[in-house]
Amino acid sequence: MYDGFFRKIEYLRFSITDRCNFFCKYCRTKEACEIENEELSKDEIFRIISVFKKLGIKKLRFTGGEPFLRDDIFDIIEFADSIGIKNINVTTNGYLDEEKIEKIAKSSLLSINISLDTLDKRKYKVLTGVNGLGKVISTIKSLSKFKKVKINTVLLRSVNFDEIEHLISFAKENNVVIRFIELMPVGVANRIFESEFVSIEEILKKFKNFHEIKSNENSVAKYYHIEDFDHIVGFINAVSGHFCDRCDKVRVSSRGVLYNCLFDKIGLDLKEYLNDEDVLMEKIQEFVKKKNFARLPSTDSMMFKIGG
Ligand code: SAM
Ligand code: SF4
């Protein structure tokens with residue numbers, strides 16, 4: 001499927017729930033989640049994934065909210081695999097018990113992105129609302145034996161600006177890639193954006209020697225080999241960078257609304273068309289044709305609903 005600017009749309013990010021067990025300060029607050037959304041059923045999710053597969057989606061990422069709060073997530077992953085989607089990934093806060101870790105290890109998931117913004121137990125509790133650092137570290141250690149694991153770290157001036165080196169050493173010790181992501185002015189983060197934002201450029205100044213590694217042409221991350229650590233580190237300049245020209249993705253929110261961009265206000269409610277696959281396909285294609293070429297500067301949409 002192509003949009004109006006002939007960009008090939010092959011990547012679907014699917015927020016399968018807006019429930020979460022964390023309250024990360026830049027993503028979700030108690031008042032922001034007061035209005036509970038109606039979540040899509042497993043069957044509705046199957047229908048949406050099937051249609052996107054027919055429209056040429058090759059890469060799928062389940063996100064949320066916390067996707068592993070859905071008991072049926074493994075059925076959803078296996079369904080996507082069974083219809084021929086081979087590049088299936090998930091983003092999680094990593095606060096998982098042994099049973100889930102074992103299931104992930106045996107699943108068809110290609111990779112798991114685990115969010116980890118600090119290695120300081122006290123800061124972790126303040127940032128997420130959960131005393132969970134030990135459990136998340138243990139998830140990273142266990143899962144990296146079976147699956148490709150990447151750590152996602154959102155840069156926050158008061159939290160981790162002084163921890164960059166420690167976080168890279170941790171990633172190296174555990175043989176996983178770490179990616180630093182610029183804080184985006186989305187939803188709750190708008191309140192702290194000015195004081196907490198750190199650019200990738202500022203982080204790169206910390207290192208003396210590094211060189212860029214060639215990455216996949218659609219990748220939003222730039223990867224560098226940092227000589228001081230002899231490790232490959234990813235950087236996503238989600239704010240200071242411009243990658244709309246090669247954007248290949250669309251998003252479905254936890255309520256089943258299709259968005260062409262994280263920053264868009266207008267979406268297409270897929271639930272209205274779920275009973276007729278032909279109409280659903282037509283509506284999606286029509287909507288994706290209208291995908292903008294540049295994004296808005298900020299949005300009040302909630303990250304935990306639209307999916308990060
Ligand atoms: N709950 C899962 C997790 O935390 O990994 C998946 C959903 S979360 C919304 C997905 C990713 O978005 C996380 O890595 C999170 O740190 C990131 N995120 C949330 N709000 C953000 C913001 N304002 N700017 C940049 N990244 C953000
Ligand atoms: Fe939950 Fe993930 Fe948002 Fe944190 S970043 S509140 S874990 S959805």
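Counting convention: from 1, in listed order, for ligands and their atoms alike. Quick caveat: nothing in here was measured; it's all calculated off a predicted structure.
For ligand 1, the atoms closer than 4.0 angstrom to any heavy atom of Thr91 are 2 (C), 5 (O), 6 (C), 10 (C). Close approach to Leu183 involves these atoms of ligand 1, each under 4.0 Å from a residue heavy atom: 22 (C), 23 (N), 24 (N). The contact set between ligand 2 and Asn93, taken as ligand atoms under 4.0 Å from a residue heavy atom, comprises 7 (S). Counting atoms of ligand 1 from 1 in the listed order, those under 4.0 Å from a heavy atom of Gly65 are 1 (N), 2 (C), 6 (C), 7 (C). Of all the atoms in ligand 2, the ones that sit under 4.0 Å from a non-hydrogen atom of Arg28 are 6 (S). Interface atoms of ligand 1 facing Asn152, defined by a heavy-atom separation under 4.0 Å, are 14 (O). Numbered from 1 in the order shown, with element, the atoms of ligand 1 that lie under 4.0 Å from a heavy atom of Glu182 read 25 (C). Of all atoms in ligand 1, numbered sequentially from 1 with element shown, those under 4.0 Å from a heavy atom of Ala189 are 23 (N).
Taking the ring centre of Tyr95 as origin, the terminal cationic atom of Lys135 falls inside the region bounded by 6.0 Å and 45° from the ring axis.
Taking 4.0 Å as the cut-off between side-chain N and carboxylate O, Asp81 and Lys86 count as a salt-bridged pair.
Remark: minimum distance from atom 12 (O) of ligand 1 to any protein heavy atom is reached at Gly308 CA, 3.7 Å. When only non-hydrogen protein atoms are considered, atom 16 (O) of ligand 1 lies nearest to Tyr26 OH, 2.9 Å. Shortest contact from atom 21 (C) of ligand 1 to any protein heavy atom: Met303 CE, 3.4 Å. Annotation: atom 8 (S) of ligand 1 to nearest protein heavy atom, Gly64 O, 4.2 Å. Looking at atom 23 (N) of ligand 1, its nearest protein heavy atom turns out to be Met184 O, 3.0 Å. Cys20 SG, 2.3 Å is the protein heavy atom nearest to atom 1 (Fe) of ligand 2. Counting protein heavy atoms only, atom 4 (Fe) of ligand 2 is closest to Cys24 SG, 2.3 Å.
Taken from CD1 in Ile266 to CG in Asn260, the straight-line distance is 10.5 Å, to the nearest 0.5 Å.
Around CD of Glu78, the count of heavy atoms belonging to other residues, nucleotides or ligands within 6.0 Å exceeds 12. For Lys206, the NZ atom is densely surrounded, since the number of other residues' heavy atoms within 6.0 Å is greater than 12. Within 6.0 Å of CD in Glu212 there are more than 12 heavy atoms belonging to other residues, nucleotides or ligands. For His166, the NE2 atom is loosely surrounded, since the number of other residues' heavy atoms within 6.0 Å does not exceed 12. Counting heavy atoms of neighbouring residues, nucleotides and ligands inside a 6.0 Å radius, atom NZ of Lys147 exceeds 12 of them. Applying the 6.0 Å contact sphere to CG of Asp162 captures more than 12 heavy atoms from other residues, nucleotides or ligands.
Side chain of Arg13 to main chain of Arg251: no donor-acceptor pair is present (N/O by atom type, distance under 3.5 Å, no hydrogens or angles).
The nearest N, O or S atom of Cys27 is not closer to atom 1 (Fe) of ligand 2 than 2.8 Å.
At a 3.5 angstrom cut-off on N or O pairs, Ser115 counts as close to ligand 1. Some N or O of Glu66 is nearer than 3.5 Å to an N or O of ligand 1, by distance alone.
By the criterion of a heavy-atom distance under 4.0 Å, the backbone of Thr92, and not its side chain, is placed next to ligand 1. Looking at Val154 against ligand 1, only its side chain comes within 4.0 Å, counting heavy atoms.
Note on ring orientation: taking the six-membered ring where Trp is involved, the planes of Phe210 and Phe207 are perpendicular (angle over 60°, cut-offs 30° and 60°).
A side-chain N or O of Ser111 and one of Asn89 form a donor-acceptor pair less than 3.5 Å apart.
By the 4.0 Å heavy-atom criterion, Gly65 is counted among the residues contacting ligand 2. At a 4.0 Å cut-off, not a single heavy atom of Arg28 sits close enough to ligand 1 to count as contact.
Here the two rings, on Phe193 and Phe197, have centers that are under 6.0 Å apart.
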